[in-house]
Every structure is written in structure tokens, then in C-alpha cells.
Participant: 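I'd like to ask you about the structure that follows.
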Amino acid sequence: MFLPQFDAGLYGQLRRNAGSVWQSYVCHDFVQQLGAGTLPHHAFRHYLTQDYLFLIHFARAYALLVSKFSTLPEMRAATTSLNAIVNELPLHVAYCQQWGLNESEMEQVTEAAETMNYTRYVLDIGHRGDALDLLAALMPCVAGYAEIGLRLLNDPNTVLEGNPYADWIRNYGDQAYLRGVQSSLDLLEKVAHQRGGESRLAELNTIFNTATRLEAAFWQMGLDAPAQ
């Protein structure tokens, strides 16, 4: 079984330095309730709708990342991630339909403050920083979801049989997804070597931690959604 190298390189440093901030994200109550199958359905539907809107802006961020590079190998690597998100959207829409959500309705939903805060922060980092800054802002989502999926799949307390969220959990432990995550981690490491990652660690920590806090707030947004 292929597993991404979460502890290696610059990403491993950023993840370790995040400490309790990281744990609050990957072990959030929303995640624990997904694993137990006890998350209220309305909370998950609200999350799915906002995640659809989030993915659109995340694709914009990866398109911006492509423009930050000047070599074809780097551009190809960033484009691969962009295409993965764009190709994921129809799958996300199909999954949402299982929960009574259709794309035209989700397009009309107002973005939650948490969605705007997170996506605009990432885009702002991308516009005012370089490729390394932007990758630091993107990684908590890209690699964090893989870690969460694997944690849940390997946790003896996770319930898969009869769990309405079992497919969601399995998706983030999928081998193709995990290999894509490792490709993103490899790109981060390459760019860090080229652009003085070690000398910029304090600034990159701040970006990474802020994005991680915004990820945790995104989970909390789902938990706080009023029952329909």
C-alpha cells in the first residue's frame, strides 16, 4: 500500500511546527463524527455545498500556481493538480446528488464566511507571494485530507459498515488520490530547495498555520449549520 511521506522534508517541518493547530484540524469533532457515522445529515449537506464552492476557488488557486512557474516540468506538475481538481468536480457533484444536492442549486448558495475567508486567503497569498508561499497555503488541504482519510481508515473506532459517510472516508484513502498527494509534496520540496525554503521557515510556518486554522474553521462551519 502506497503512503505519502507526511513526515519528510519541508512539509514534515511545517506539519510538526503546527503542533496543536494541526491536531485541532485533523482530529476535529466533525472528523470524529464522520468516522463514527454520527454527524447530523444537515451538517454534512451544508459542508458538501460549501466544499463545492471551495473547490472552484481552489482550482483558481492552482491556475494561479501554474502562472508562478517558468519551467515546463513545474508547470506540468501544477497543471496536473489543477486538472485533478477540475476533474474531481463532476465526481463531487455526482456524490452530492446522493445527498439530494444538485449543481444548479449549489451554484446559487451564498458562500459562508468561512469559505470566503479560507479561499480568499489562499488566493491573496498567491497573488502577493511566490510559488512556495502559495504551496504552503495549499498543502493543509491537499495533504491534510489524505492524512484524515488514512487516520479514519486505520482507526479501530471508525465505523464503516452502515456508515453513510463511508464512501467519503474511503475516497481520501484511495491509492490514486494518495499518489497525487505525494506528487504535490514532491513539488513543494523541489520548490523549497530552489527558493530558499529553510531561510523562509518562519514566514512559511505562519502561512501554513493560518491555512490550517481556516481548515478547522471550515469543519466547524459544518457542525454549526442550522438544521433545515
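What you see is a predicted model, and the numbers here were worked out from it, not measured in a lab. Any value given below was found using the heavy atoms of this structure, including those in side chains, with hydrogens, waters and symmetry copies removed.
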Participant: Restricting to non-hydrogen atoms, name the atom on G35 and the atom on N163 that form the minimum distance, rounded to 0.1 Å.
Facilitator: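 Looks like O-ND2, 3.3 Å.
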
Participant: Which pair of heavy atoms, one from H41 and one from P164, lies closest together, and at what distance?
Facilitator: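 In terms of heavy atoms, the two residues are closest at NE2-CG, 4.0 Å.
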
Participant: Is there side-chain contact between Y25 and I148, with at least one heavy-atom pair below 4.5 Å?
Facilitator: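 Yes - at least one pair of side-chain heavy atoms lies under 4.5 Å apart.
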
Participant: Check the side chains of E215 and H28 for a donor-acceptor pair under 3.5 angstrom, ignoring hydrogens and angles.
Facilitator: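 There is no such pair (donor and acceptor under 3.5 Å, judged by atom type) between the side chains of H28 and E215.
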
Participant: Using modelled atom types and a 3.5 Å cut-off, is there a donor and acceptor pairing between side-chain atoms of N117 and backbone atoms of A113?
Facilitator: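 Yes: the side chain of N117 pairs with the backbone of A113.
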
Participant: Mind running side chain to side chain contact (heavy atoms under 4.5 Å, CB included) on E111 and T119 for me, showing each step along the way?
Facilitator: CA-CA 10 Å; E111 284 183 87; T119 59; 4.2 Å; yes

Participant: Considering all heavy atoms of both residues, which atom of E189 and which atom of L10 are nearest to each other, and what is their separation?
Facilitator: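 The answer is OE1-N, 2.8 Å.
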
Participant: Does Y47 have its ring centroid less than 6.0 Å away from the ring centroid of W99?
Facilitator: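 Judged by ring-centre distance (under 6.0 Å), Y47 and W99 do not meet the cut-off.
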
Participant: Does the side chain of T206 come under 3.5 Å of the side chain of E203 through a donor N or O and an acceptor N or O?
Facilitator: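 No, E203 and T206 have no side-chain donor paired with an acceptor closer than 3.5 Å.
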
Participant: Going by atom types only, do E105 and N102 share a side-chain donor-acceptor pair under 3.5 Å?
Facilitator: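 Distance-only check passes for E105 and N102.
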
Participant: Indicate if F44 and V159 have the same hydrophobic cluster label, given that clusters are the connected sets of ILVMFWY residues with side-chain heavy-atom separations under 4.5 angstrom.
Facilitator: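 Not linked; separate clusters.
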
Participant: Quick one: closest heavy-atom pair of V181 and A143, and the distance?
Facilitator: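 Minimum heavy-atom contact is CG1-CA, 3.9 Å.
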
Participant: Give a yes or no on whether L152 and L223 share a hydrophobic cluster (residues Ile, Leu, Val, Met, Phe, Trp, Tyr; joining criterion: side-chain heavy atoms under 4.5 Å apart).
Facilitator: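 Yes, same cluster.
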
Participant: For salt bridge (Lys or Arg N to Asp or Glu O under 4.0 Å), just list the numbers for D124 and R128, CA-CA rounded to whole Å, side-chain angles, deciding distance to a tenth of an Å, and then say yes or no.
Facilitator: CA-CA 6 Å; D124 179 62; R128 62 186 173 88; 2.8 Å; yes

Participant: Given 3.5 Å as the limit, does a donor-acceptor pair link the side chain of Q175 with the main chain of F2, or not?
Facilitator: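 Indeed, once roles are kept as given, a pair shorter than 3.5 Å links the two residues.
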
Participant: Tell me yes or no: between the side chains of Q33 and T38, is some donor less than 3.5 Å from an acceptor?
Facilitator: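 Q33 vs T38: no donor-acceptor pair found between side chains.
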
Participant: If we check ring pair (Phe, Tyr, Trp, His ring centres under 6.0 Å) with Y145, which of these qualifies: Y177, W219, F218, F54?
Facilitator: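 For Y145, the ring pair (Phe, Tyr, Trp, His ring centres under 6.0 Å) check succeeds only for W219.
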
Participant: Honestly curious: do V142 and V21 fall in one hydrophobic cluster under the side-chain, below-4.5 Å linking rule?
Facilitator: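 V142 and V21: separate clusters.
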
Participant: Side-chain heavy atoms nearer than 4.5 Å, only ILVMFWY residues, links allowed to pass through others: does that put L201 and L134 together?
Facilitator: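 Yes.
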
Participant: Any idea which heavy atoms bring Y172 and W168 closest together, and the distance?
Facilitator: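 Looking at all heavy atoms of both residues, the closest pair is CD1-O, 3.2 Å.
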
Participant: Let's go through H57 and R120 carefully: what are the C-alpha distance in whole Å and the side-chain angles of both, what is the deciding distance for side chain to side chain contact (heavy atoms under 4.5 Å, CB included) to 0.1 Å, and is it a yes or a no?
Facilitator: CA-CA 8 Å; H57 294 295; R120 299 333 186 263; 3.4 Å; yes

Participant: Between Q182 (side chain only) and Q5 (backbone N and O only), is there a donor and an acceptor less than 3.5 Å apart?
Facilitator: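 Looks like yes, one N/O pair under 3.5 Å.
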
Participant: Spell out, as yes or no, whether a donor-acceptor pair under 3.5 Å connects the side chain of H92 to the backbone of L48.
Facilitator: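 Side chain of H92 to backbone of L48: a pair is present.
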
Participant: Angle between ring planes, Y11 versus W22, binned at 30° and 60°: parallel, tilted or perpendicular?
Facilitator: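 It falls in the perpendicular class, over 60°.
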
Participant: Can you tell me if N17 and Q13 form a side-chain donor-acceptor pair at under 3.5 Å?
Facilitator: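 Side chains of N17 and Q13: no pair found under 3.5 Å.
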
Participant: So, for P4 and L150, which heavy atoms are closest and what is the spacing to 0.1 Å?
Facilitator: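 Closest approach of P4 to L150: CD-CD1, 4.2 Å.
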
Participant: Do the non-hydrogen side-chain atoms of Y52 and E103 ever get within less than 4.5 Å of each other?
Facilitator: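 Yes, close enough: below the 4.5 Å cut-off.
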
Participant: Go through the steps to decide whether E74 and Q194 satisfy the test side chain to side chain contact (heavy atoms under 4.5 Å, CB included), and finish with yes or no.
Facilitator: CA-CA 12 Å; E74 291 172 332; Q194 293 173 340; 2.6 Å; yes

Participant: Please answer: with hydrophobic residues joined when any side-chain heavy atoms are less than 4.5 Å apart, are Y121 and M116 in the same cluster?
Facilitator: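 Y121 does not cluster with M116.
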
Participant: Could you check whether R45 and H42, counting side-chain N and O atoms only, form a donor-acceptor pair closer than 3.5 Å?
Facilitator: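 R45 and H42 do not have a side-chain donor-acceptor pair below 3.5 Å.
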
Participant: Under a 4.0 Å threshold between the charged nitrogen and the carboxylate oxygen, would R200 count as salt-bridged to D133?
Facilitator: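 Here D133 pairs with R200 in a salt bridge, since their nearest N and O are under 4.0 Å apart.
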
Participant: Among T80, N83, I85, which residue meets the side-chain contact (heavy atoms from CB on, under 4.5 Å) test with Y62?
Facilitator: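 Among T80, N83, I85, the one meeting side-chain contact (heavy atoms from CB on, under 4.5 Å) with Y62 is I85.
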
Participant: Take L185 and M139 through the side chain to side chain contact (heavy atoms under 4.5 Å, CB included) test and state the conclusion after the steps.
Facilitator: CA-CA 8 Å; L185 293 174; M139 284 303 105; 4.0 Å; yes

Participant: Give a yes or no on whether the backbone of M75 and the side-chain of T79 come within a donor-acceptor separation of less than 3.5 Å.
Facilitator: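 Yes; at least one donor-acceptor contact below 3.5 Å.
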
Participant: Look at R15 together with E147 and state whether they make a salt bridge at an N to O cut-off of under 4.0 Å.
Facilitator: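 Looking at E147 together with R15, the answer is yes, because their closest N to O distance falls below 4.0 Å.
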
